[in-house]
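Below: one structure, written as structure tokens.
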Amino acid sequence: MEKKDKVRLDSVKPQNFIKNIIEKDLSTNKNDSRIHTRFPPEPNGYLHIGHAKSICLNFGLASEYNGLCNLRFDDTNPTKEEVEYVESIKSDIRWLGFNWDDRLFYASDYFDKFYEYAKQLIKNEKAYVCSLSTEKIKEYRGTLTQPGKNSPYRLRPVEENLELFKRMRAGKFKEGEHVLRAKIDMASPNLNMRDPVIYRIIHESHHRTGNKWCIYPMYDFAHCLEDSIERITHSICTLEFEDHRPLYDWFLEQLNLFHPQQIEFARLNLSYTVLSKRKLLELVEHGYVTGWDDPRMPTIAGFKRRGYTPESIRDFSERIGVAKRDSLVDVALLEHCVREDLNKRAMRVMAVLRPIRLIIDNYPEGKVEEIEAINNPEDISMGTRKIPFSRILYIEQEDFRENPPKKYFRLSPGREVRLKHAYYIKCEKVIKDEKTGEVKELHCTYDPKSKGGGTADGRKVRGTLHWVSAAHSVKAEVNLYDRLFIKENPVECDKKNDFKSYLNPKSVEILKSCRVEPCLANAAPGSRFQFMRHGYFCVDSSNGKLVFNCTVQLRDTWAKIEKSLNNTTKS
RNA sequence: UGGGAAGUCGUCUAAUUGGCAGGACAUAUGACUCUGGAUCAUAGAAUUGGGGUUCGAGUCCCUGCUUCCCAGCCA
């Protein structure tokens, strides 16, 4: 019976098609039951949450099946790649919590080998130097429905190809004069098989090999070789490479090399977000955001600065699963993951974002009490702290309504509420600006017998407000963020409207006159807190000023109630 | 219109490979609460259409429909 239950539990464990492949391979002892994956970014931009999915998948699979995962920079195109990106990618992967030990590789490490393999293809009459122009190559390739035609250079003798290829490498030609092509089938219905270019001339310095090379291998030729050289068993990539798999397999067969299995999965799409390096670069370059690490960016660096934890991103990657169908994941799931994580770990503090003065008329002037507050009700081991309480306080503007709507149980004239951890107060008088009518100040009385937040007579109050003592609180700046795009799928109507036309004009709100508890005065950059009744906030690293970035707001039930209230009164 | 791939609750994803369509998020309702947070409980909600095989089909077969990818000397 016990065994039966266990079997059922195992079968309930979420699976995905890649794990199924791996487990089948393990059961047949393929590759001596070795599991070896790799994460192969091109260092031409910053990593985003889509890469995080791939990183978690590849490193996760390796650790789950006692295998290894390599970090490999696919640096075959010096025109787009930079050391800055290499460094940021390494740091982002480490931040996510993964470790490649000594298995850091570069495609450029293998340039000599690639060159030898290319010569071998030439010798086997499986590759030739083509001297057609870019335009002509395109023309000869044919179209989706029409087959291509053979290049006039296709029958060049081996010796001539070898000589030309050698001179290409020696820098004897200008860019575009010649390319090396695989000799496959110009009539293939798969365009990738119509004699693809495998080497091109680029006279540009490479961030690692300098000026040693002026010919560079194309992705299709290089990638399968990189995988093979590193004895990768499962080469996991995204769906758009499905059409490239026959080519991947072709090179390895022609060269009779160790043959990893390429497996494709659907890349991540997130609602209200764009996840393409090109588009993200556009946002950065045109100043729509402040940089790659702008807290609104879906980059790892952006999430980090926004206050997301690596744990929450890994949890998210696990929960979205892996499949082959195109999907658009609800960003609410990501927000759920970070709330769930931070709920357990973040210290609770009080911060008043939009302050209004509140004076307790019957509280002695000059008196200051130290009020004890629990740091995290979800984790008692986080202890308690003392908060100063005095006659003049700040509370949140939205916590007072002169004419409260139904179901509003915060402060209003004549009503009693609780100040968190402190006393019951009752609103006695509202001071307004004579000209504008704006509420300037609230005068209240407190019940000295309610200290700690309860009374002996057992009377209940519905509202509990957060507060700070005016004289003791610390000034801070707070950045509130909303989604960067107003459209669920900003790339959907790309043809008609540029994705940038869906940018949310109110994606950031900067609040400059916030007041926070004194214990936050020296909060370390990167540290995370829950501002009670608001959300989770992270200290931004900035010069001297105390700045908090909002990671995610708390779920706001009252906002929902109020919204539905408004809707019903309108209709 | 050639080739490749994919269609399961609103969203993402499972289904021991032909045997009770499950989970999470989201939504709604209620309980509880010194955070309108958290927590707990409950509810609604799906196999792309049409045939077929079968005792039995999300799964196999036929046929339609829809979506995505491919014509870089990018990856």
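Computed from a predicted structure; not experimentally measured. In what follows, every chain begins at residue 1, and chains take the letters A, B, ... in the order their sequences are listed.
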OH/A:Y248 to CD/A:E242 distance, rounded to the nearest 0.5 angstrom? 14.5 Å

Is the positively charged end of A:R410 above the ring of A:F400, judged by distance under 6.0 angstrom from the centroid and angle within 45° of the axis? no

Between A:R267 and B:C69, does any side-chain N or O lie under 4.0 Å from OP1 or OP2? no

Does B:G18 have a Watson-Crick or wobble partner in any strand here, with both distances under 3.5 angstrom, and which is it? none

Nearest to the A:R319 side chain among B:A24, B:G37, B:U27, which nucleotide is it? B:A24

Measure from the side-chain heavy atoms of A:D330 and tell me the nearest of B:U11, B:G37, B:C73. B:U11

Partner nucleotide, any strand, of B:G7 [Watson-Crick/G-U, under 3.5 Å]: B:C65

Does OP1 or OP2 of B:C74 have a side-chain N or O of A:R200 closer than 4.0 Å? yes

Of A:P189 and A:A266, whose nearest nucleotide on RNA chain B comes first from the 5' end? A:P189

Base B:G37 to side chain A:Q553, donor-acceptor N/O within 3.5 Å cut-off: no

Using purine N1 to pyrimidine N3 plus N6-O4 or O6-N4 for Watson-Crick, or N1-O2 and O6-N3 for G-U wobble, each under 3.5 Å, what pairs with B:A28? B:U42

On the nucleotide B:U35, are OP1 or OP2 found under 4.0 Å from the side-chain N or O atoms that A:H466 carries? no

A:R339 side chain near B:U35 phosphate (N/O to OP1/OP2, under 4.0 Å): no

When syn is taken as a glycosidic angle within 90 degrees of 0, is B:G10 syn or anti? anti

When both hydrogen-bonding distances must be under 3.5 Å and the geometry is Watson-Crick or G-U wobble, what is B:G2 paired with, if anything? B:C70

Has A:R194 got a side-chain N or O lying under 4.0 Å from the OP1 or OP2 atom of B:A71? no

